[in-house]
Amino acid sequence: MPAPTLTAQLLNGFAAGLLLISFSMLSQRRTRALITLFAWQGAILFASTSLVAYSAGLRHLWYSAALTLVLKVFLLPFILLRLVRRLEAQWDTETLLNIPTTMLLGVGLVIFAFGLAQPISALATTITRNTLGIALAIILLAFLMMITRRKAVTQVVGFLAMENGLFFAATSATYGMPMVVELGIALDVLVGVLILGIFFFQIREQFESLDLHHLETLKED
Amino acid sequence: MSSLGVARQVGAVLLAIALAPLFMGWIAQCRAWLQNRSAPPLFLPWRMLRKLFWKDAALAEHASALFRATPYVLFGTMVLAAAIIPSVVLDLPFVLVADAIALVGLFATARVFIALAAMDIGTAFGTLGARREMMIGFLAEPALLMVFFNAFLISGSTALPTIAARLAAPPFVIYPSLAFAGIAFVMVLLAENARIPIDNPATHLELTMIHEAMVLEYSARHLALVEWASALKLFNYACIGFALFVPWGLASQHASPGTLLLAVVALVLKLALAGAALAVVETVSAKLRIFRAPEFLAMAFLLAVLGLLVHLLLGA
């Protein structure tokens, strides 16, 4: 097997870094650290997108890389951190399952994602084809995080991490989506976080806690 | 087996024995600097050893032969491990005899002996420490093996020198799986050597200590050998880390004295950097509750497994 090019190696390295951060997010108990990890995930995503843009010579990918940098590395973590501070929700988050079980489930999901991606990436011709499995794994891990967390803020971070995974899948499978779609998604995420921020306050006002457990019953009889 | 090879083997082992306490001293110094304390001298561990060797040993009344033999067994296994691990020269006679799995077995032997010796006296603290040590050991060992398997898969060999040579050979290739393995390895290193997230090497608070609790009954030359062995263990782990993750700068068996000297300088540099990094890790992290240790080590194990998966997926 010939040694892959340096670009491909770097991309594989970035993909592995993203997966690593997904796992640390899964095992992280503190909300603030979780948001910092999310910012790092955005930073690696920015690096890998720029690398793909550079190596494939695609102009629109540069734009989406810049968008990633502004939104996911600086703006969203900033908004979330401010929210967490104002909601005083920096304490340890409670998980439904204990952390080692969650991690084991996570490894299972990674195996599943890798198995799923194998036949697809065998057909692909892009430089990033190997990383599709990792992108799928990141999406599933973020999903798992949303399922196993109780607090509203961590669920939103999970949602954003899932969006990161989708973005990475898009760059690795097809060199990114059309510009309009990407802009739309970026704005959606931003507006989503703003609206959810308002929701947090409403939820807390109503139930005096951010535990989404309370939302399961419709009425208090 | 050439006489030159044997001479260099002996030299490498003596170097390891001499450098190990200094490495401990260096870490303690870095930690003190980071914590704004005035640092203890670099040679403090050496002076400590000399002081302990001058003292008369006191043994508990009911101590068996096992208790007296254990320090020598510990020291012996760690010296043997230092001979197996390629720290300066790649293909020394001893290095070629045993592979990485035998090395894990060697560490396990040392652990069993110290746990038995701790329980031998029958004090509560010894038993407590031994139990904790075995708990951490049985969780750390599979993680360490998984880290090794990552390197085995890449290099197609279980011998440390072959792995190091294969990884150091140009062209330079980025192995994402080794990044996972590297983090897992650091976690195992911290746990196995009684460093901060798991155990505090500086504490004498009974309820939290692990390693200290086991060696409470040892004094004088026995204690000196036990301490020296634990310094050697840390040194050995550091050298395993260098062989797996920064394998550059090792000399081959028939290298000229100049190249050899360069390899020694490279080793000292790597140790200095690793010691400083270890001190940073220990300063920024807080000691975990003992019941969080399984979680910490499970994480190390899973990271190593993830490394294997990533290797299989990316083929690199």
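Each chain gets a letter, A, B and so on, in the order its sequence line appears, and its residues count up from 1. As the structure is a computational prediction, the values presented were derived from the model and not from experiment.
Looking at every heavy atom in both residues, A:Ser27 comes nearest to B:Met299 through OG-CE, 3.3 Å. The shortest heavy-atom contact between A:Val107 and B:Leu302 is CG2-CD2, 3.6 Å.
Rounding to the nearest 0.5 angstrom, the gap separating the CG atom in A:Asn12 from the NE2 atom in B:His311 is 11.5 Å. How far CZ of B:Phe296 is from CD1 of A:Ile99: 14.5 Å, rounded to the nearest 0.5 Å.
Within 6.0 Å of the CH2 atom in A:Trp62, the count of heavy atoms belonging to other residues, nucleotides or ligands exceeds 12. More than 12 heavy atoms of other residues, nucleotides or ligands sit less than 6.0 Å from atom CZ of B:Phe245.
Side-chain atoms of B:Leu306 and A:Phe23, non-hydrogen and from C-beta on, do get closer than 4.5 Å to each other.
Ranked by heavy-atom pairs under 4.5 Å with chain B, the first of A:Leu20, A:Ile134, A:Ile111 is A:Leu20.
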Exercise for review: For side chain to side chain contact (heavy atoms under 4.5 Å, CB included), just list the numbers for A:Phe114 and B:Leu309, CA-CA rounded to whole Å, side-chain angles, deciding distance to a tenth of an Å, and then say yes or no.
Suggested key: CA-CA 8 Å; A:Phe114 283 11; B:Leu309 288 176; 3.9 Å; yes
